[in-house]
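So the structure is just underneath, and the comments pick up after that.
Residue numbers begin at 1 in each chain, while the letters A, B, ... track the order of the sequences. All values below come from the heavy atoms of this structure, side chains included, with hydrogens, waters and symmetry mates left out.
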Number of protein chains: 2
Amino acid sequence: MPSSLSTAPGLPSGSTVSGPSSDTTASPATPAFSPLYQQIKGLILQSLQAGEWKPGELIPSEIELAARFRVSQGTVRKAVDELAGDNLVVRRQGKGTFVATHTEQHVRYRFLKLVPDTGDVDREGPAQRQFLECRRSRANAEIARALALRTGDAVMQVRRVLSFPADGGALVPTILEDLWLPGAPFKGLTAERMADFRGPTYALFETEFGVRMVRAEEKIRAVLPDDDQCKLLHIAPGTPLLSVERVAYTYNDAPMELRRGLYRTDTHHYRNELN
Amino acid sequence: MPSSLSTAPGLPSGSTVSGPSSDTTASPATPAFSPLYQQIKGLILQSLQAGEWKPGELIPSEIELAARFRVSQGTVRKAVDELAGDNLVVRRQGKGTFVATHTEQHVRYRFLKLVPDTGDVDREGPAQRQFLECRRSRANAEIARALALRTGDAVMQVRRVLSFPADGGALVPTILEDLWLPGAPFKGLTAERMADFRGPTYALFETEFGVRMVRAEEKIRAVLPDDDQCKLLHIAPGTPLLSVERVAYTYNDAPMELRRGLYRTDTHHYRNELN
DNA sequence: CAGTGGTCTAGACCACACT
DNA sequence: GTGTGGTCTAGACCACTGC
């Protein structure tokens, strides 16, 4: 009997619990039908958003969750399976289920699809990062729209260059990135804090600001750099670059970062897998 | 008791069937442990590859498959769920499970991620296609490697231009593509056949040559066009373009197409979603 | 050893499509 | 109504982890 939760539909059979049960959460007479496991998924998601369990932490076992929501373990399992499929949670047999993190080795740089042309082997170590700028400013119309803010709202603006070692070992500046972040959640961000942090930017956002990026969308174009960009990337004018505009989202599909990257593609390429 | 199949592990309990059962498929003493549903998935995959059910056709119901493999419906369900997740099969409630196709509306142009800058709405109708070339030739070292052939093997080579209507309605050449296909499976391919066919190339491959593309990998770079390419795309020299090199695979991870596309990104962009 | 996630089963019932 | 996939349950057992 998939129906409203929170009114303990635990009775094994008979006794349907549909209809507009007037309990704590007033709902308009069962909207369209949503399977129980979806509702459970939603509830777990809420706890995730609310920070009931922090990134990296263990969430309650399936049996506990089943008891808490008054459903069978199988139903909880299906809900958690979907959360794991969305990369919100990681299952580890024998240990438990953990809130996913951008810190873990195998999922680091999940959102960076630029790889060296020479085999994919092990990504030549974390890039050398150089922070050129990190300051407060105000969102123009375009930035505001991308971040669901209002024009003039406070934003943090960051500019950095990532360099990778070439064959010889010399560092080659390969990526020039500009980041825009909503001012409120990221108050206190400084170039120094970013430079000191070991690991991906998204891991820093997680551990220092409690903002977990869940998914992202990219728009990719081929462009020519201006003089500034040429200098920063040590390239000749007229060198075509990949322009990668990314919007990253937290829970609730709330946009929390706009990032504009310029990628050199003479030694690297953007790798994508289609299914 | 997950163990070797094909020796009917149907007995409800007790009577383990592990160990190196010497039956039709000689296997080295149970390699590492593979759950039953994975083995079922493998068997269904074999039938798919063998063409037991053609693209678009209905496959046996879960109950029939369960009987056939002597497992419970739940186990078949999990196997089919994975196949559906891999886009090899499509479930339709109340009707059955069908072999996936590149012809269906909602999954057409699955592998083409170039979209118009102006909203994504409905993709401005199928592109106008212009076939400039379709001839037999021999694979050079590079093409051979990509297609898992030997240098000098026969290949089909195709060149075409795709044009999309601009705001005014005038057709703008936007994509220049070169395709290389292994000669044997695609014997008889002509420019005329391609021009006559309504729908995506991959649908043609499926219906006319029995080759179903299952996944693909792309390497993306920013490049400058040569004079030839400028003429074909009606662009000025120095206009940066997206270079998209795609290898498409059938079942068994066998590469069956190498495609090199040049995309104009002044009115369109490459759209990617990251999870 | 106990606790966790992972697999497998069997049966009941629901939602949907066809006829 | 019949048949299909979809949901939900309850219970048994397996595989892995750590005490």
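- Counting heavy atoms from C-beta outward, B/V211 and B/Y202 have side chains that stay 4.5 Å or more apart.
- Judged by a 6.0 Å distance limit and a 45° cone about the ring axis, A/R246 is not positioned over the six-membered ring of A/F111.
- Taking side-chain N and O atoms only, A/T97 has a distance below 4.0 Å to OP1 or OP2 of C/dG5.
- Atom CD1 of A/I63 is separated from atom P of D/dT9 by 15 Å (rounded to the nearest Å).
- Distance alone, capped at 3.5 Å, places no donor-acceptor pair between the B/N272 side chain and the A/E218 backbone.
- One can place CZ of B/R92 at 17 Å from C1' of C/dA15, the figure rounded to the nearest angstrom.
- Using a 4.0 Å cut-off on heavy atoms, the residues of residues 75-86 of chain A that approach DNA chain D are A/T75, A/K78, listed by number.
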Where each pair must be Watson-Crick or G-U wobble with both distances under 3.5 Å, what dot-bracket representation of DNA chain C is obtained, with crossing pairs in [ ] and other-strand partners as |?
||||||||||||||||||.
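- Atom pair B/L58:CG and D/dG3:C1' shows a separation of 11 Å (rounding to whole Å applied).
- What you find for B/L88 and B/L45 is that their closest heavy atoms are CD1-CD2, 4.2 Å.
- Comparing C/dT4, D/dA15, D/dC8 against the side chain of A/Y37 picks out D/dC8 as the nearest.
- For the pair A/K41 NZ and D/dC8 P, the interatomic distance rounds to 13 Å; values are reported in whole Å.
- Side-chain N/O atoms of A/D117 and A/H268 include no donor and acceptor closer than 3.5 Å.
- Rounding to whole angstrom units, CD of residue B/Q73 and P of D/dT9 are separated by 17 Å.
- The side chain of B/Q93 has D/dG5 as its nearest neighbour among C/dA10, D/dC8, D/dG5.
- If B/G94 and B/R91 are placed on DNA chain D by their nearest nucleotide, the residue sitting closer to the 5' end is B/G94.
- Although no hydrogens or angles enter the test, the distance criterion places no donor-acceptor pair under 3.5 Å between the side chain of A/E208 and the main chain of A/F205.
- Considering only side-chain N and O atoms, B/K95 lies under 4.0 angstrom from the phosphate OP1 or OP2 of C/dC18.
- Note on B/S72: every side-chain N or O is 4.0 Å or more away from OP1 and OP2 of C/dC8.
- Atom CZ in A/F69 sits roughly 14 Å away from atom P in D/dC8 (whole-Å rounding).
- Listed nucleotides C/dT7, C/dT4, D/dG6 differ in distance to B/E62; the shortest reach to its side chain belongs to D/dG6.
- Residue B/L65 contributes atom CG, which lies 17 Å from atom P of D/dG3 at whole-angstrom precision.
- Between B/F209 and B/F186, the two ring planes are tilted [angle within 30° to 60°].
- The pair A/K54-A/E52 does not count as a salt bridge, with every side-chain nitrogen at least 4.0 angstrom from each carboxylate oxygen.
- Note: A/L43 CG to A/F69 CZ = 5.0 Å, rounded to the nearest 0.5 Å.
- Under a 3.5 Å cut-off, the side chain of A/R271 and the backbone N or O of A/L114 do not form any donor-acceptor pair.
- Put simply, CZ on A/R70 is 16 Å from C1' on D/dT9, counting in whole angstrom units.
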